[in-house]
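Have a look at the structure below, then the notes.
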Amino acid sequence: MRHARLPIVVVGSGVAGLATALAAAPAPVRLLCRAHDGCGSASALAQGGIAAALDPRDSPAAHAHDTLVAGAQHNDEAMVQWLTAEAPAAIAWLQAQGVTFDRHAQGGLQLGREGGHGAARIVHAGGDASGAALVQALRARAQAAAHVQWRGGVDVDALLMREGRVVGVRTCDERGRHEQVEASAVVLATGGIGALYARSSNPAGADGAGLALGLAAGAAARDLEFVQFHPTALEVAGHRLPLITEALRGAGARLLDAAGNALMAGVHPLGDLAPRDVVSRRVAAVQAAGGRVRLDATGVDGDWERRFPTVLAACLAHGFDPRRVTLPVTPVAHFHMGGLATDADGRSSVPGLYAVGEVACNGVHGANRLASNSLLEGVVCGRRLGEGLSHAAEAVVAGPTRVVERGPGLPPAELAVLRELLWHAGGPIREARSLRDAWHACAVLAEAGWQAQLGKALLRAMRLRTRSLGAHWREDRGCPS
């Protein structure tokens, strides 16, 4: 008698996880996430849209060129060429899933421009609420799909292994009860590490949990030192700061110093639309010298409630009307270019374990991600991974099961200390002595929780790359790393 196929377990309910789950049909999928309704992913907070060469005057080759330049040529060029070539089809697929993209008065897709792009090629949905629109549409599809079993309110805190192969996961629900789930394959789609920084645009769940789990199982990592900082978050008190979308600068907003001078004048040919690492370092340098930076969006035309509803609501909630006053801004940890090393099909170095989206590193972003390539990567790579797994033969592995745990988490006070360490040592501008001191402090904290162990791995990678590249910028002062 033929046994029923074990499910593909997908951990994470952002765009990458949802695209993987949908594309895996008709294979059974069990989608696991911390939130009951699947909310709380970084994807849902994404204000930027999706980059795709849709204008007849644009091309995938031009999109690829901009991606490579932004990534400091550290990218996997073949992956970049593939990603940008697939982008127009990804937009069409998303429309078929129910995503309604913004259109101009003549009826065509409205294309915006963001930092690092040489052309207008960003499609948005709901103005600056693109991520939420994508997640909402894909979540509805996944919850209605017969092959997907959705389970929220659980954390995956361990992997099950037999003979060196991942064969399932262990979940922990809100009451602390554990359950083991056997799987034909496990896909980590858990997002990035931004919440490990004191200033972040990411939700609390973007804490590197999936990355730490993969590392505990022996999976190889790649490019952990490359962390992207978004240059414009609203500078207010708190850990997760409201993001001020780059599309505002594409629409004419300008960065100013305390004297009202153009901040980016003479710094980069693209000025306010320079790649994010360049702008973030400039803002951070002004702050380090005791200054402040403001974003002047008062000259941006149009209906803010339609074009920038998320930014407008966040600013008004903190007492700023961006249509009338300039905004205090600061860099924040935004995206991790590094992660679990994967090939083009999402395979990690551990059999049975796959990764997709921000937790993975296939080389497409290089040393600095081009704006609006993240949702694109999640959709395109998720679809490729899901389709591949749907046709994969199920491996039968005998032997005893080993439970590989991520380990206990840091207590709140120690987690706050770690966040400050990473922000000051591993921020937009890095220096050998501060990296060394932060690593030693993390080594002490590592006994108390997995986040500090992950912090050690991040800082080690930052120390080992002694030369500046992309988002990793070293300004050493004669101290060995």
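Of the candidates Val187, Leu160, Val169, Val169 is the only one forming a side-chain contact (heavy atoms from CB on, under 4.5 Å) with Val9.
Under a 4.0 Å N-O distance rule, the pair Arg121/Asp66 qualifies as a salt bridge. A salt bridge is absent between Asp437 and Arg433: the closest approach of a Lys/Arg side-chain nitrogen to an acidic carboxylate oxygen does not fall below 4.0 angstrom. The existence of a salt bridge linking Arg406 and Asp157 is excluded, since no basic side-chain nitrogen approaches an acidic carboxylate oxygen closer than 4.0 Å. For the pair Glu86 and Arg383, the salt-bridge criterion is not met [side-chain N within less than 4.0 Å of a carboxylate O]. Between Arg294 and Glu235 there is no salt bridge, since no side-chain N of the basic residue sits under 4.0 Å from a carboxylate O of the acidic one.
In plain terms, the two heavy atoms of His365 and Glu377 that are nearest each other are NE2-OE1, 2.7 Å. Minimum heavy-atom separation, Ala217 to Leu159: CB-CD1, 3.7 Å.
Counting only distance, with no hydrogens or angles, the side chain of Thr342 and the backbone of Ser348 share no donor-acceptor pair below 3.5 Å.
Aromatic ring centroids of Phe229 and Phe335 lie 6.0 Å or more apart. For His239 and Tyr197, the ring centers are positioned 6.0 Å apart or more.
Checking Asp223 against His74 by side-chain atom types alone, a donor-acceptor pair falls below 3.5 Å.
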